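Counting from 1, the numbers follow the sequence of the chain as shown. What you see is a predicted model, and the numbers here were worked out from it, not measured in a lab.
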Amino acid sequence: FPSHDRHHDRKKLITIHIKTAFFIHQYIKTLSVSNEINILMNKYIDSVTHLCKSTDQILDLFNDFPDSTYLTFAYQTTYCSYICHYILQNMGWHADMSKDKLLLACMIQDIALGNDDVIKIRSLNDPNLKKLTEEEQEQFRTHPSQAALLSNYFSGFTEVDFIVAEHHEHPNGDGFPKGLNSTSLTTISCIMILAANFSARLAGVERKSSIYVEIFNQMKRIYDSGNFKAPLKAFGKALRVKV
């Protein structure tokens, strides 16, 4: 393909991934996890894999996202999916099972939340959390455990629940729900946490190459310890940034 065709196809696929994530979220919230949703989830994984494998640089994908400073759950899912794929690739983890688990975790991490605005809240100490209603605050506190339960309704995926349950843990142990730290978290959970945190920081910012590198550099100082070290290095490699 000439490069402009590749660029056009890439943009089209990114939009399809965002729309698919939106559809899956709405369907599960309204109905439940059906056989069709299982099939669609697997098609989503195959398509994300194909796109990431055929695109050398993750920044090319980031730069081809539709313009928007508003981060929806569907955008967040798609960013997280790409990040997880490139981290795994740069760590040399080529097993489909790890990738499938992570991409399902990306899809359902915030399924129990009703408001896109809460994506930017990353901890229970965040002042923005206090601005929500009591019900919304409780929803935020319990959403990792709720989503973890839901993961068991997908067939062909195992041990996704703990990855989802841990996506708001922090390296220093001040995350939730369990307060695990960088040595007690598994590497696969650390990959998910990096992806979830990176994408949450995109909420409300004008997205461009320099901002992606800037966000990564802010995170580098926080996450360069324990089982976060290898995934962080792999993510830096994907972004062409030294760790």
[X] and [Y]: which non-hydrogen atoms are nearest, and at how many Å?
X    : Y    : value
V164 : A148 : CG1-N, 3.7 Å
Q146 : A112 : CB-CB, 3.7 Å
Y75  : P66  : OH-CB, 3.3 Å
L71  : S199 : CD2-O, 3.1 Å
I119 : A200 : O-CB, 3.4 Å
P144 : A165 : CB-O, 3.5 Å

Nearest 0.5 angstrom please: [X] [atom1] to [Y] [atom2], how far?
X    : Y    : atom1 : atom2 : value
S182 : I222 : OG    : CD1   : 12.5 Å
M192 : Q109 : CE    : CD    : 3.5 Å
H85  : L103 : NE2   : CG    : 8.0 Å
E214 : M219 : CD    : CE    : 13.5 Å
L113 : K29  : CG    : NZ    : 7.0 Å
T55  : Y86  : OG1   : OH    : 4.5 Å

List the steps, then state whether side chain to side chain contact (heavy atoms under 4.5 Å, CB included) holds for I14 with L51. CA-CA 9 Å; I14 291 167; L51 178 62; 4.0 Å; yes

Quick check against the 3.5 Å criterion: does [X] have a side-chain atom that pairs as donor or acceptor with the backbone of [Y]?
X    : Y    : value
N38  : S155 : yes
S54  : H50  : yes
K220 : L232 : no
E169 : L180 : yes
R10  : L61  : no

Stepwise ring pair (Phe, Tyr, Trp, His ring centres under 6.0 Å) test for F198 and Y79: CA-CA 9 Å; F198 185 90; Y79 272 112; 7.7 Å; no

Whether over 12 other heavy atoms sit under 6.0 Å from K178 NZ: no

Heavy-atom count around K130 NZ within 6.0 Å, excluding the residue itself: above 12? yes

Connected via hydrophobic side-chain network under 4.5 Å: [X] and [Y]:
X    : Y    : result
L149 : F157 : no
I108 : F22  : no
M97  : L88  : no
I37  : L31  : yes

Start with the C-alpha gap between N181 and S184, add the side-chain angles, then the distance that decides, and say whether side-chain hydrogen bond (donor to acceptor under 3.5 Å, both in side chains) holds. CA-CA 5 Å; N181 63 23; S184 52; 3.1 Å; yes

If we only count heavy atoms from C-beta on, is the [X] to [Y] side-chain gap below 4.5 Å?
X    : Y    : answer
Q139 : V118 : no
H25  : M107 : yes
W93  : I191 : yes

Which word best sums up how the rings of F176 and H168 line up, parallel for under 30°, tilted for 30 to 60°, or perpendicular for over 60°? parallel

Can you classify the ring geometry of F23 versus Y27 as parallel (below 30°), tilted (30 to 60°) or perpendicular (above 60°)? tilted

For D96, is there an ion pair with K99 - N to carboxylate O distance below 4.0 angstrom?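 Salt bridge between K99 and D96, a charged N being under 4.0 Å from a carboxylate O: yes.
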
Less than 4.0 angstrom from a charged side-chain N to a carboxylate O is my criterion; do E159 and K101 meet it?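 Yes, charged N to carboxylate O under 4.0 Å.
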
Evaluate the criterion side chain to side chain contact (heavy atoms under 4.5 Å, CB included) for residue pair F235 and V241; output intermediate values, then yes/no. CA-CA 8 Å; F235 190 17; V241 179; over 6 Å; no

Applying ring pair (Phe, Tyr, Trp, His ring centres under 6.0 Å), name anything that partners Y82, two or more places apart in sequence or on another chain.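 In terms of ring pair (Phe, Tyr, Trp, His ring centres under 6.0 Å), with neighbours along the sequence ignored, Y82 is linked to H17, F65.
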
Taking ring pair (Phe, Tyr, Trp, His ring centres under 6.0 Å) as the definition, give me every residue that meets it alongside Y223, ordered by chain and number, with sequence neighbours left out.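 For Y223, the residues satisfying ring pair (Phe, Tyr, Trp, His ring centres under 6.0 Å) (neighbours in sequence not counted) are F228.
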
side-chain hydrogen bond (donor to acceptor under 3.5 Å, both in side chains), that's the test. Do T186 and N227 meet it? Break it down for me. CA-CA 7 Å; T186 61; N227 291 328; over 6 Å; no

